[in-house]
There are 2 protein chains.
Amino acid sequence: MSAEIKKFTERQEEIANFANALAHPVRVAILDLLASKACCYHGDMADELPIANSTLSQHLKVLKDAGLIQGEISPPKTKYCIHRDNYKKAGEIFSFFFENPLETTFSEEGIILCS
Amino acid sequence: MSAEIKKFTERQEEIANFANALAHPVRVAILDLLASKACCYHGDMADELPIANSTLSQHLKVLKDAGLIQGEISPPKTKYCIHRDNYKKAGEIFSFFFENPLETTFSEEGIILCS
DNA sequence: CATAATGTTCGTACATTTGCGAATAATTAG
DNA sequence: CTAATTATTCGCAAATGTACGAACATTATG
């Protein structure tokens, strides 16, 4: 009944944000490309990916807004790179999230009831 | 021109799937709850989370479909746990994805042009 | 058996995401 | 200056995601 407005922690929002950026295979593929080639022009990626040019721009925007990549515009070309600091940060956040999902004692089946 | 139909790798799809499961703060919060308490009933979580019961069911379904949790139905109660094997696997996949985004040589600014 | 407790499913509403081609902007090349 | 190159933005359509309450199913309780 205590009608406390519950929201989520900063950390939970942050994880969700990074996860959202990775939540489409083409965006994972983009990061793979950038990770392997250091930097790529939009056109280089467009050649490798099975999507229209305009769609690629949209996905790049999502990754950029999430902070995982950065773009350097020098028209008519645009060069994209991984944003190393944030990329590292994302990796650490996920690492921490997944490590030791449980440190408590277990029943025989490895399960504990709660409350 | 070689109109090769490009899709994504299994790994890329897998990452995107797990990421998608984490792409909403309430689902991160659910995993936090399960990680800390080992197992929880639906009702326990409903008390902690600012969403309707039916909405919680939907989010639990997403996590279950992604393989990150498992549910044991014994009506009228349902007990959920983290799916340890898959959870671990997800952690490893993300670890691997984020580690060493770049092992190549760098220019002075830490950037290489490609192609 | 009737009622309560617990969750899921259904139906609906609304917002967001994804995708494409066309139009646009900005520079380079002829 | 004109045309070509490159990438973004716009407008649209289709699909998906999020959220809720109501209806339903299943078991426990009186």
Side-chain angles (χ1 to χ4, degrees), chain A residues 1 3 5-8 12-13 16-30 33-34 39-66 68-81 113-115, chain B residues 1 3 5-8 12-13 16-30 33-34 39-66 68-81 113-115:
Chain A
M1 294 310 157
I5 299 166
K6 287 226 184 186
K7 285 300 164 191
F8 307 105
Q12 287 166 343
E13 301 272 9
N17 269 331
F18 281 133
N20 185 64
L22 298 182
H24 192 297
V26 83
R27 291 199 288 267
V28 177
I30 289 170
L33 283 175
L34 293 180
C39 277
C40 271
Y41 290 100
H42 180 120
D44 299 327
M45 293 187 272
D47 292 342
E48 307 273 346
L49 300 171
I51 54 173
N53 226 302
S54 55
T55 307
L56 176 54
S57 272
Q58 284 182 125
H59 285 295
L60 288 169
K61 180 167 164 33
V62 173
L63 288 171
K64 197 172 161 190
D65 288 348
L68 290 176
I69 67 173
Q70 55 196 147
E72 185 182 316
I73 305 171
S74 46
K77 294 208 162 197
T78 309
K79 188 175 61 183
Y80 285 98
C81 315
L113 306 181
C114 73
S115 81
Chain B
M1 294 313 154
I5 300 166
K6 287 227 184 183
K7 286 299 165 193
F8 307 103
Q12 286 164 345
E13 301 273 8
N17 269 330
F18 281 135
N20 185 63
L22 298 182
H24 192 296
V26 82
R27 291 198 289 268
V28 177
I30 288 170
L33 283 177
L34 292 180
C39 277
C40 272
Y41 290 102
H42 180 119
D44 298 328
M45 293 188 272
D47 291 342
E48 306 275 344
L49 300 171
I51 55 174
N53 228 300
S54 54
T55 307
L56 176 54
S57 273
Q58 283 181 126
H59 284 296
L60 288 168
K61 179 166 164 36
V62 173
L63 288 170
K64 197 172 162 190
D65 289 347
L68 290 176
I69 67 173
Q70 55 195 149
E72 185 183 316
I73 305 171
S74 46
K77 294 209 164 199
T78 309
K79 187 174 63 183
Y80 285 98
C81 315
L113 305 181
C114 75
S115 83

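Lettering follows sequence order; numbering is per chain, from 1.
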Next item on the list: Examine distances only and state if a side-chain atom of A:R27 and a backbone atom of A:A21 form a donor-acceptor pair shorter than 3.5 Å.
Entry: yes

Notebook entry, point to check: Which of parallel (below 30°), tilted (30 to 60°) and perpendicular (above 60°) describes B:H24 and B:H59?
Noted result: tilted

Check: Rounded to the nearest 0.5 Å, what separation is found between the CG atom of A:D44 and the CG atom of A:L49?
Finding: 10.5 Å

Check: Quick one: how far along DNA chain D does chain B reach, first to last nucleotide 5' to 3', anything under 4.0 Å to a heavy atom?
Finding: D:dT18 to D:dT27

Checklist line | Spacing between B:I30 atom CD1 and C:dG7 atom C1', to the nearest angstrom | finding: 14 Å

Next item on the list: Note the angle between the end axes of the helix from C:dC1-D:dG30 to C:dG30-D:dC1, five pairs defining each, rounded to 10 degrees.
Entry: 10°

Next item on the list: Find the distance between NZ (B:K79) and SG (B:C40) and round it off to the nearest 0.5 Å.
Entry: 11.0 Å

Check: Counting any heavy atom closer than 4.0 Å, what does A:S57 reach on the DNA or RNA strands: base, sugar-phosphate only, or nothing?
Finding: base

Checklist line | Nucleotide C:dG7, atom C1' - distance to CD of B:E72 in whole Å | finding: 15 Å

Notebook entry, point to check: What is the per-nucleotide protein-contact pattern of nucleotides 14-30 of chain C, from the 5' end, where B denotes a base atom under 4.0 Å from a protein heavy atom, S denotes such proximity for sugar-phosphate atoms only, and - denotes neither?
Noted result: ----BBBB----SS---

Note to self: With a 4.5 Å cut-off on side-chain heavy atoms, are A:L22 and A:L68 touching?
What the structure shows: yes

Next item on the list: Check B:G71 against B:Y80 and note the closest heavy-atom contact, atom names and distance.
Entry: CA-CD2, 3.5 Å

Checklist line | Separation between NZ of A:K61 and CD1 of A:I69, rounded to the nearest 0.5 Å | finding: 11.0 Å

Notebook entry, point to check: Just how far is it from atom SG of A:C39 to atom CG of A:L34, taken to the nearest 0.5 Å?
Noted result: 7.0 Å

Note to self: For a side-chain contact (heavy atoms from CB on, under 4.5 Å) check, start with the C-alpha distance between A:H42 and A:S57, then their side-chain angles and the critical distance, and finish with the verdict.
What the structure shows: CA-CA 8 Å; A:H42 180 120; A:S57 272; 3.2 Å; yes

Checklist line | Distance in angstrom units between B:H42 NE2 and C:dT6 C1', rounded | finding: 8 Å

Item checked: Separation between CD of A:Q12 and CD1 of B:I30, rounded to the nearest 0.5 Å -> 10.0 Å

Check: Nearest 0.5 Å, what's the OG1-CG distance between B:T55 and B:L60?
Finding: 10.5 Å

Checklist line | Length of the line joining B:L56:CG and C:dT6:P, which is rounded to integer Å | finding: 14 Å

